[in-house]
Every structure is written in C-alpha cells, then in structure tokens.
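Working notes for the structure below.
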Amino acid sequence: MTSASWHARISCGRDTGAGFLVTERHVVTCAHVVARGTTDPVSVSFAHGGGESVGARVIAHGGWDGRDTDPGDLAVLELDQDVALKPAEFAAPDEAYGDPPRKLLAYGFPKRYEEGTLAEYRATAEQLIAGEWVQLEAWAAHGQPLVPGFSGAAVTLADSGRVVGMVSAAARDPGVRNGRMLPANVMARYWPRLGDLIPTPEYDGPQKERLRLLVEEAARHGELECSPQRLYQEAVTAFGPPPPPHGFASLWDAAWYLLSEVTDTKAAVRFAERLADFVEHTPTRTALRSWPYTHAEAVPGGAPLAAPAPGSGADTRSWSPILVEIAPSGSGDQQFLVEVSAYNGSHRKVVGQRRLPADRVRPYALERIDEAYHALEPGARELLAFVLPRRWLNADVAHWQRSADDDSPLGTFAPLVVMDLERRRSGGLQHKLLQKWRELDTQRSARLRRIGCGTVGQDPVKLTIGLRRGADMVGFGAPPRADGTRRLFQATLNAAVPVMLWPRSGCRGGHTHDDCRGAAFLDRLAEHLAGLTPGELPTHIHELRETAYASESPEPHWASDLALLWEDPRCLPDPVGYQHSPVG
C-alpha cells in the first residue's frame with residue numbers, strides 16, 4: 001500500500017516539497033511550496049515514475065498569503081501533459097480517527113532523500129484547530145520526523161493507502177515531533193473538484209458533481225443578493241446544524257459543507273432551490289430547481305419519458321452516449337469551451353472540460369472520448385454525439401483520425417451523429433423534438449423529405465411550417481455552406497426535424513444542375529433508408545460508413561462524405577451546468 005506511484009516531488013526554483021496526483025493531470029500540494037511559482041519554473045516528478053520530471057503551473061490557490069497561521073495553504077498544479085499513473089484514492093474523512101488511533105503515513109522528500117522517505121504519525125484528535133487543521137503527533141519516539149520536504153505530502157491510512165489529508169506544517173523545534181494536517185474535507189473547500197473524489201455517505205458521485213457544476217455556474221453570473229451563510233441556514237432550517245464558526249467563504253464552501261457534514265439530503269435540495277431564486281440566468285436557474293434529478297426528469301422541462309410503442313423499432317434510450325459539446329467560449333472567435341461527458345442512463349459523468357483555441361479542440365476531444373469509454377458499462381451501445389455550433393455542423397468529425405496510433409476515421413469506430421448547439425439549448429425545439437419522436441414510435445415507417453440542389457429559392461418560413469406537418473427525415477442534395485442551402489438548412493432545424501442527412505461535399509447549390517451529384521445522392525439515400533426506423537439510424541449509417549471507407553472502387557462511394565444529424569432528447573438528457581457559453 002505504501003508504494004503508490006502517485007506520490008510526487010515538487011520543485012519550484014530552489015524550494016522542494018511533496019504533493020500527490022489526484023487526476024491524470026492535476027497534483028495537489030501546499031501553496032507555500034510553490035509560493036515562487038509566478039517567477040520560478042515548477043516541475044513535478046513521481047516516486048516511481050523513473051525520475052523524469054513534468055512541467056506544471058498553478059491553476060488554483062487556497063488564498064494563503066504567506067504567514068504560518070493563514071488558512072488556505074493549498075495549491076493545485078496542472079501538468080503540461082497527462083501521466084500514465086493511477087491517481088490517489090481518498091478515504092472517508094472520519095477514517096483518519098479511531099480508538100485505538102489509526103497509523104498514518106506521509107511520503108516526503110527531505111534533504112538527502114531524493115527518492116523520498118516515510119514518516120509515521122497519527123491524528124491527535126478529530127477536532128479542527130482554527131477551523132482548518134488537525135494536529136499530528138509522531139507514532140513512536142523514533143523514526144523520521146516531519147521536516148522541510150514533507151510539506152504537501154499526502155497523509156494516508158497505513159493499512160489501505162487511501163488519502164485522508166495533506167501535511168501543511170511541522171514543529172519548528174526539532175525536539176517536538178508533531179505537525180499539522182489539512183484534512184481532505186477541508187482541502188475540498190479550496191478546490192471543488194476534490195469534492196467529487198472524497199467519499200460522502202449520503203451522496204453518490206454524479207449527484208455531487210452535478211451540484212458542484214451548478215454552484216460554479218451560478219457563481220459565474222455575478223454577485224448574489226443572498227449570502228452563502230443565509231442560503232445554508234435556510235437549507236438546514238431551524239432544526240439543522242449551525243454553520244461552522246469560520247463561516248463560508250463561497251457558495252461552494254456552503255454547498256460542500258452540506259454534502260460532507262449534513263446528513264439530511266433534503267437540505268442540499270433546498271439549498272439548490274433557494275439559490276435558484278437569486279440567479280438571473282434562466283438555464284442555470286432551471287437546472288438548479290431540477291436537482292437532484294430522476295431518470296424521468298432527465299428530459300428538459302421535466303417531461304416523463306414515453307414508453308416505446310409496438311412497431312417503433314429498438315428502444316432508442318438503450319444508447320449510452322459519449323457527448324462532445326463544442327461551444328464558443330465568449331472570449332474570442334477562435335476560443336471554444338469543450339466538454340466531454342459519458343452517460344449511463346440519466347447519469348452523466350463529466351470526463352473533461354477546457355477552454356481551448358480552435359486548433360487544439362480536435363486532439364483534446366479525441367483524448368477525452370477515449371477516456372470516456374472507461375465510464376461505460378461493458379455491454380453499452382456507444383454513441384458518439386457531437387454538439388456543434390451551427391457554422392461547424394459540416395465539420396469532418398466523422399473523418400477525424402481516431403487516435404495517434406489508429407488512422408481509421410472516428411465514424412467507422414462507433415455510431416457518430418452531430419447535433420446543433422442552438423437547437424439543443426432551445427426549450428421549445430427540444431419539446432417539439434420529444435413530440436416528434438412520440439409520433440415516430442407509433443408509425444410503421446418514416447417520411448423522407450428531399451431538398452434538392454435546385455430548391456435554394458424556396459421560402460424558408462414556409463418550409464419550416466411545412467416540415468413540421470409532414471416530414472420525419474430530411475435529405476439535402478448539397479451541404480449547408482451555400483447561402484441558399486444554409487437558409488433551408490436552418491429552416492429545417494427550426495422545424496424540429498429529428499433526422500437530417502447530407503453530403504459534406506459535392507454540389508454547391510448553383511443555378512444549373514445538369515448531372516448533379518446531389519440528385520444521385522438523394523436517390524441512393526432514399527433507397528438505403530427505405531424500411532429503416534429513425535431510432536436505429538446511427539447504427540445503419542455507421543455500417544454504411546464502414547462500407548464506404550472500405551470500398552476499393554476507383555470512384556468515391558456515394559456515402560463516403562455522408563453527414564448525419566440525429567437527435568432524440570430521450571437518450572441524450574440535457575447536460576445541465578453548461579447550457580450557455582461562459583465568458584472567460
């Protein structure tokens with residue numbers, strides 16, 4: 001248990017300390033270890049990582065301002081690259097204490113111990129000193145004391161190796177063998193993502209993560225008229241536990257105290273509902289009011305899921321989507337917020353989220369997609385769903401090289417669909433899509449409407465109204481890049497048509513269409529779709545892409561550039577928490 005490879009040695013200029021890996025890219029340490037991190041380079045190496053160091057930067061800080069008695073002595077480092085090491089695991093906060101006392105270990109890097117060394121300690125008591133620290137005392141009268149080089153070291157249970165806190169200080173007098181630990185539940189006050197990792201008895205991981213994202217989103221919308229203390233007191237009511245003496249420094253501080261210290265799970269629900277009263281941003285306010293959700297509430301607006309009717313084909317809700325949302329970040333035309341999530345039923349696990357320039361979107365998304373597969377059940381039917389800005393809907397995501405070691409297109413690896421970001425955020429259009437799918441469940445066949453290359457002069461408004469009344473799928477003979485086709489494409493999205501198909505290249509929708517490739521494409525498309533149920537289209541198009549990519553004909557296969565927009569809100573519950581584009 002003591003040979004965990006996630007123990008880290010931190011170097012910042014001439015200062016050395018310890019830390020520990022909590023995600024594949026994040027290391028936690030003391031703020032005072034990297035106090036010179038703004039001017040001196042920071043590097044991280046791992047106890048069993050072969051001695052190679054990785055560059056890092058401070059991305060989160062607890063607010064420590066330089067004195068020994070200041071709270072918030074915590075910093076989070078983001079590594080320059082992911083590391084292939086399993087991160088540390090946390091124990092429940094109360095496991096650090098017991099009668100008899102639990103033996104605790106710290107792995108530090110004092111002078112002359114480049115490879116690190118262990119110190120054995122125990123917690124004096126569960127009581128916090130100044131609301132922040134737990135006192136540590138030596139397990140025995142001999143052995144390694146806590147000295148410089150141990151700051152930032154994980155404090156672990158000797159029998160399991162799981163983390164209960166972090167060494168933050170040692171006694172100045174060498175003859176006094178004690179120190180201080182920042183407990184894990186206190187650490188989570190300063191970096192909310194730790195809350196997802198620390199076990200809490202009353203809440204599961206998706207619930208905690210969802211509330212964290214909602215609180216962070218609420219905080220992004222400016223000053224609230226209500227303080228965290230008042231929100232907490234109203235959540236626990238007059239009969240609940242009082243707030244801690246140190247109060248709450250932030251919304252997350254109050255929310256985490258509810259999650260980690262208050263056993264009444266309804267208090268967290270009341271907290272979210274009351275917070276919604278003070279949030280002006282409508283999507284966030286709606287999301288807060290719906291927490292925690294059930295499977296039936298996963299559809300936007302809380303609409304229950306409809307049971308599939310006879311003859312409707314396979315249950316579309318059997319998909320386990322990996323959702324990739326790419327949205328403008330609000331901080332520049334070439335900056336995007338990328339979020340990758342994995343769904344199991346109505347539960348969403350956020351695998352990664354980052355603000356990136358356009359040229360880094362593809363590699364980041366592909367890495368997180370591969371990682372998201374770890375969250376799927378072994379028998380899950382994967383569905384890669386890209387939510388894209390409208391101007392990106394014709395992007396070649398199905399042709400992306402799957403990984404650095406696999407040149408095959410992503411669209412041949414798994415069923416892949418795209419969705420329109422604006423439509424996904426529209427409550428009215430999502431409601432119409434639900435109605436459309438309920439109609440499709442009762443129909444024996446789906447109606448395909450053809451929009452050929454020569455129809456660019458059609459009135460978009462009339463098209464929208466007509467499609468609402470008489471189309472289940474729409475096939476385009478040209479991609480949505482020419483002005484006329486783009487207007488008709490938008491009209492089809494506004495009609496809440498759940499399935500749209502088109503060639504990514506070919507005819508540009510001009511005035512003459514002799515021997516037009518678009519007409520031939522629509523003929524083949526109609527032939528292929530005959531008798532297919534819309535709910536199973538992602539599978540059929542996946543198989544068609546495999547055939548097209550494997551074709552050895554000298555002429556391009558008619559479906560080699562086929563794009564599929566497919567959206568069923570019943571199997572793609574709305575990812576609350578990032579329903580808009582946060583401004584950096």
Side-chain angles (χ1 to χ4, degrees), residues 188-189 192-193 195-196 200 202-241 243 247-304 325 327 330 337 339 341 346-350 353 424-431 434 569 572-583:
R189 296 178 193 167
R193 282 191 64 184
D196 298 342
T200 50
E202 307 297 337
Y203 300 91
D204 61 23
Q207 285 178 311
K208 291 192 298 183
E209 180 186 48
R210 181 173 164 81
L211 182 58
R212 170 178 64 82
L213 291 173
L214 289 172
V215 169
E216 290 177 348
E217 187 73 356
R220 270 193 267 273
H221 292 283
E223 295 292 330
L224 296 177
E225 296 180 4
C226 185
S227 69
Q229 284 83 354
R230 179 181 168 187
L231 286 171
Y232 172 83
Q233 289 169 342
E234 293 186 1
V236 298
T237 73
F239 303 101
F248 300 115
S250 64
L251 279 176
W252 167 249
D253 195 0
W256 172 242
Y257 194 82
L258 283 168
L259 295 174
S260 60
E261 302 289 343
V262 178
T263 57
D264 179 11
T265 57
K266 293 181 180 178
V269 179
R270 288 191 291 267
F271 179 87
E273 291 176 342
R274 193 70 180 103
L275 177 59
D277 294 336
F278 297 93
V279 175
E280 295 296 330
H281 186 248
T282 300
T284 303
R285 183 169 63 246
T286 302
L288 283 162
R289 290 200 183 283
S290 69
W291 188 89
Y293 60 86
T294 64
H295 186 71
E297 293 169 333
V299 177
E325 182 171 334
L337 182 68
E339 181 173 280
S341 307
S346 62
H347 295 290
R348 175 178 71 112
K349 177 181 179 181
V350 177
Q353 54 193 14
R424 182 145 168 83
R425 292 174 175 174
S426 168
L429 292 179
Q430 291 296 302
H431 183 73
L434 284 168
L572 288 161
D574 193 31
V576 186
Y578 284 93
Q579 294 179 326
H580 79 303
S581 174
V583 177

* CG-CD distance between Leu211 and Glu216, expressed to the nearest 0.5 angstrom -> 10.0 Å
* Kindly say whether Pro569 contributes a backbone atom to a donor-acceptor pair with the side chain of Gln430 at under 3.5 angstrom? => no
* Any side-chain heavy-atom pair from Arg274 and Arg230 closer than 4.5 angstrom? -> yes
* Asked: Is there a side-chain contact (heavy atoms from CB on, under 4.5 Å) between Glu325 and Gln353 once you walk through the steps?
  -> CA-CA 9 Å; Glu325 182 171 334; Gln353 54 193 14; over 6 Å; no
* To do: Could you check Trp256 against Thr200 for side-chain contact (heavy atoms from CB on, under 4.5 Å), going step by step and ending with a plain yes or no?
  => CA-CA 10 Å; Trp256 172 242; Thr200 50; 3.9 Å; yes
* Donor-acceptor contact below 3.5 Å, side chain Lys208 vs main chain Gly195 -> yes
* Hey, what do you get for CG (Leu259) to CZ (Phe271), rounding to the nearest 0.5 Å? -> 9.0 Å
* Structure fact -> Contacts of Ala267 meeting side chain to side chain contact (heavy atoms under 4.5 Å, CB included) (sequence neighbours excluded), chain-then-number -> Val236, Leu258, Val262, Asp264, Arg270
* Asked: In terms of the angle between their ring planes, are Tyr232 and Phe248 parallel, tilted or perpendicular, with boundaries placed at 30° and 60°?
  -> tilted
* Would you give the length of the straight line joining atom CD of Glu273 to atom CG of Leu231, rounded to the nearest 0.5 angstrom? => 12.5 Å
* Asked: Quick one: OG on Ser260 to CZ on Arg189, what's the gap to the nearest 0.5 Å?
  -> 8.5 Å
* Asp196: what forms a salt bridge (Lys or Arg N to Asp or Glu O under 4.0 Å) with it, not counting sequence neighbours? -> Arg212
* Asked: Mind checking whether Pro243 and Gln233 have side chains closer than 4.5 Å, heavy atoms only?
  -> yes
* Can you measure from CG (Leu214) to CD (Glu209) and round to the nearest 0.5 angstrom? => 10.5 Å
* Which atom pair, heavy atoms only, marks the closest approach of Leu251 to Pro228? -> N-CG, 3.9 Å
